[in-house]
2 protein chains.
Amino acid sequence: MSSQEPPRRATIADVAREAGVATSTASVVFSGKAKVADATRERVLAAAADLGYAGPDPRAASLRLGRSGIVAVVFEGHLRNAFLDPVTTAMMDGLADGLAELSAGILLMRDEPGEDGPGLASAPVDAYVLIGWSGRTRESVEVVRGRGLPVVVIEGDPGDGTIPRIALDNADASAEVAQHVYDLGHRDVALITLTLGHDRERAPITPERLAAATVGVTVDRLEGMRRVFPDAPAISASGSFIDEGIVIGRMLLADAATRPTAVLAQSDLLAVGVIRAAQELGLRVPEDVSVAGFDGIAIDGLGGQSLTTTVQPAVEKGRAAGEQIARMLGGEAGETQNLTCVFRPGTTTGVPPR
Amino acid sequence: MSSQEPPRRATIADVAREAGVATSTASVVFSGKAKVADATRERVLAAAADLGYAGPDPRAASLRLGRSGIVAVVFEGHLRNAFLDPVTTAMMDGLADGLAELSAGILLMRDEPGEDGPGLASAPVDAYVLIGWSGRTRESVEVVRGRGLPVVVIEGDPGDGTIPRIALDNADASAEVAQHVYDLGHRDVALITLTLGHDRERAPITPERLAAATVGVTVDRLEGMRRVFPDAPAISASGSFIDEGIVIGRMLLADAATRPTAVLAQSDLLAVGVIRAAQELGLRVPEDVSVAGFDGIAIDGLGGQSLTTTVQPAVEKGRAAGEQIARMLGGEAGETQNLTCVFRPGTTTGVPPR
DNA sequence: TTGTAGGCGTTATCAC
DNA sequence: GTGATAACGCCTACAA
């Protein structure tokens, strides 16, 4: 008595037929968008159960409705960063919050320069949040704008001014940290920056490299630092990791003759690495060398010390983006938000050694 | 000369008409699935540019193709956990990896018991990964299975055995840690578990509560611990955080008369919290009290100590799930994977005080 | 290589 | 309260 396995899943039309009602009626039973007689509803539900119908196909619904309930969050490079960098995870946390009222899902996407695959434009999403620390974002912006969907850029360069963005006072905040160190008396300072561009090269920063830099955050923070220390040598890190800070810290601190009295890093992770390197070399912080960071993330492992840094509103950044997306999907215009960092003096900076 | 703003976006049919070709031709130009004369392609592209057509609408394409290129990752409770818990972030990292070959996007979703909103079933996805530490997952499984899409469960109870799952040897690994502590001579041991159920209650574990527990991981790890210490008192944490460990640590260690000689925690974060609490109370670890954890995540801030724990393959868990999804989308059957933890002795456990 | 036609599964509109 | 019908925008046999 066994028949062929049904070749396709039941559709709402099948359910309607089985229940002896119109498809529109069956549809309404599932969407609840109109009143249906109890008896009718029962029959439809029974038919659905019978046929193993699990409710409307979201793909069809999203075509019909023009909405998918999904917001894309676009990272450049590997998605690892989305989960491994504490500033980013905090931001995502805030974004999830800001998006909560939409009960929209968050689609993680990457925008890798090399690949041409399906790409950003092929995802059925209702809006885009571009997380961009690089000029790459500019290009993505064009791709995405063409779709006519809401876009918000977090710390990226949106090209023209028509796209709302969530920005940070990177330059000012960096200058404030630098000024603190200057005021302590330091004049011989080394700077460690985030990556300059997609190459992620660890190398001294030259005017040429700086001119070719594509990561706005890095450039802005460096600009702030150089307001106070115009001639300080700078080196770009290959990424924001403690280990990278250790490597660069060793380079900077190993030779007593060329050792700076203070190191300013563009991230807390790098700063912590430098402190580790100093400890390795038997140097005391801040007696022998002062170290300051940027971000204000919670870092354990400083042995009771607190890092001098500036605290960026990472969670707030995400929440603000989410809120703007929600506004734009509601038909209002999105607004650019300028968020500010708060300087937080710690115990890792002090007067320079005599 | 200004005309009304066009009421709707251009479609591929508009482009085809404008270019003077058939829609199928225009479609092929964008999909690249067939050869098109260069001249024709040019004309189509020009027409598209003219009309501001940014390529096929993914919503329509996914209906037509039956695929959206999206894999849903379902968490129970707040998405915060996806970003703030180190074990989970590592797992997500692995998942992104395992899914990379599909070049599928990852849709973060939550499955909150309370809410009935759009819900899991309303997302246009091709497959589901259920991250479940609770019995809640069981229910989600049913919802999702009805869709007839591939499903993989990570550390959850899949109900019947037909769903591939990624599992850990939680009981055995816990027993191994416990045995290590037993072998050191400890007999007076306190246990700290993860949450027992959705209530997230911090409270002593009674047989009744244990019987009602829904989080399989917690139950399994406790079972392993009790193989070695059948009568050890246990308390459930409200979550896996350092701060929670501190709170519970204070409770357990404050009174010298009732203080255990060792504390076994079901997560490293809880264990670190206990160590902090011990330090606060002026107790030395491991001289006055031994502490062990579970997970093997990298934790700074132990002041040079290394936590005795068991290392779970968090990244591998995610990667395995991604690979199974990829297989299933390829038409093959998914397979359950049993992963194992590796015991890692550290310096936070030692012989009990006399 | 290009054109035609049908349908993917749903929901909104509008009569009844 | 219920039913018929027309899109939503695209892709892909199939025919020319």
Side-chain angles (χ1 to χ4, degrees), chain A residues 6-44 47-48 51-69 118 121-124 126 147-149, chain B residues 6-44 47-48 51-69 118 121-126 146-149:
Chain A
R8 62 187 193 79
R9 301 194 65 76
T11 74
I12 201 170
D14 299 328
V15 172
R17 192 175 328 110
E18 176 87 1
V21 301
T23 56
S24 55
T25 305
S27 173
V28 165
V29 168
F30 288 103
S31 72
K33 294 216 170 166
K35 292 189 195 309
V36 179
D38 280 355
T40 312
R41 187 202 333 283
E42 293 303 323
R43 256 188 309 146
V44 171
L51 298 176
Y53 179 75
D57 181 333
R59 284 182 276 257
S62 71
L63 170 60
R64 177 64 233 236
L65 297 172
R67 293 177 287 98
S68 64
S122 74
D126 297 337
R147 302 237 72 104
L149 298 175
Chain B
R8 62 187 191 79
R9 303 193 64 75
T11 73
I12 201 170
D14 299 327
V15 173
R17 192 177 326 110
E18 176 89 1
V21 302
T23 53
S24 59
T25 305
S27 173
V28 165
V29 167
F30 287 104
S31 73
K33 294 219 170 166
K35 294 187 195 309
V36 179
D38 280 354
T40 313
R41 190 206 327 286
E42 293 303 323
R43 256 188 310 147
V44 171
L51 298 175
Y53 179 76
D57 181 334
R59 284 182 274 260
S62 72
L63 171 59
R64 179 61 231 246
L65 298 172
R67 294 178 286 96
S68 63
S122 74
V125 301
D126 296 337
R147 303 236 71 103
L149 298 175

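First the proteins, then the strands, lettered A, B, ... as listed; each starts at 1.
- Here side chain to side chain donor-acceptor pair (under 3.5 Å) pairs that include residues 19-32 of chain B, with residues two or more places apart or in two chains, number zero.
- Computed from coordinates, the A:L51 CG to C:dG9 C1' distance equals 15 Å when rounded to whole Å.
- Atom CG of B:L65 is separated from atom P of D:dT12 by 6 Å (rounded to the nearest Å).
- Rounded to whole Å, the distance from CG on A:D57 to P on C:dC8 is 12 Å.
- Taking five base pairs at each end of the helix from C:dT1-D:dA16 to C:dC16-D:dG1, the local helix axes there meet at an angle of 30°, rounded to 10°.
- Within the 4.5 Å cutoff, side-chain heavy atoms of A:D14 are placed close to those of A:R17.
- Taking 4.5 Å as the limit, some side-chain heavy atom of A:D126 sits within range of a side-chain heavy atom of B:R59.
- Between A:R147 atom CZ and D:dG9 atom P the separation is 12 Å, expressed in whole Å.
- Remark: the backbone N or O of B:V29 is not paired with any side-chain donor or acceptor of B:R41 at under 3.5 angstrom.
- Between B:R9 atom CZ and D:dC8 atom C1' the separation is 15 Å, expressed in whole Å.
- Residues from residues 26-39 of chain A placing a heavy atom under 4.0 Å of any atom in DNA chain C, listed by number, are A:S27, A:K33.
- Comparing C:dT10, D:dC10, D:dG3 by their closest approach to the side chain of A:V21 singles out D:dG3.
- Residue B:T40 places at least one side-chain N or O closer than 4.0 Å to OP1 or OP2 of C:dT2.
- Counting to the nearest Å, the P atom of C:dT2 and the CD1 atom of B:I12 are 14 Å from each other.
- Salt bridge status for A:D57 with A:R64: absent, with no side-chain N to carboxylate O gap under 4.0 Å.
- In this structure, of C:dA12, C:dG9, D:dC10, it is D:dC10 that holds the atom nearest to the side chain of B:P56.
- Note on B:T11: only backbone sugar-phosphate atoms sit closer than 4.0 angstrom, heavy atoms only; bases stay farther off.
- One interatomic measurement links the two molecules: CZ of A:R67 to C1' of C:dT11, which rounds to 11 Å at whole-angstrom precision.
- In this structure, the separation between CD1 on A:I12 and CG on A:L51 is 12.0 Å, given to the nearest 0.5 Å.
- At whole-Å resolution of the value, CG in B:L63 and P in C:dG6 are 18 Å apart.
- The base of C:dG3 does not come close enough to the side chain of B:T25 for any donor and acceptor atom to sit less than 3.5 Å apart.
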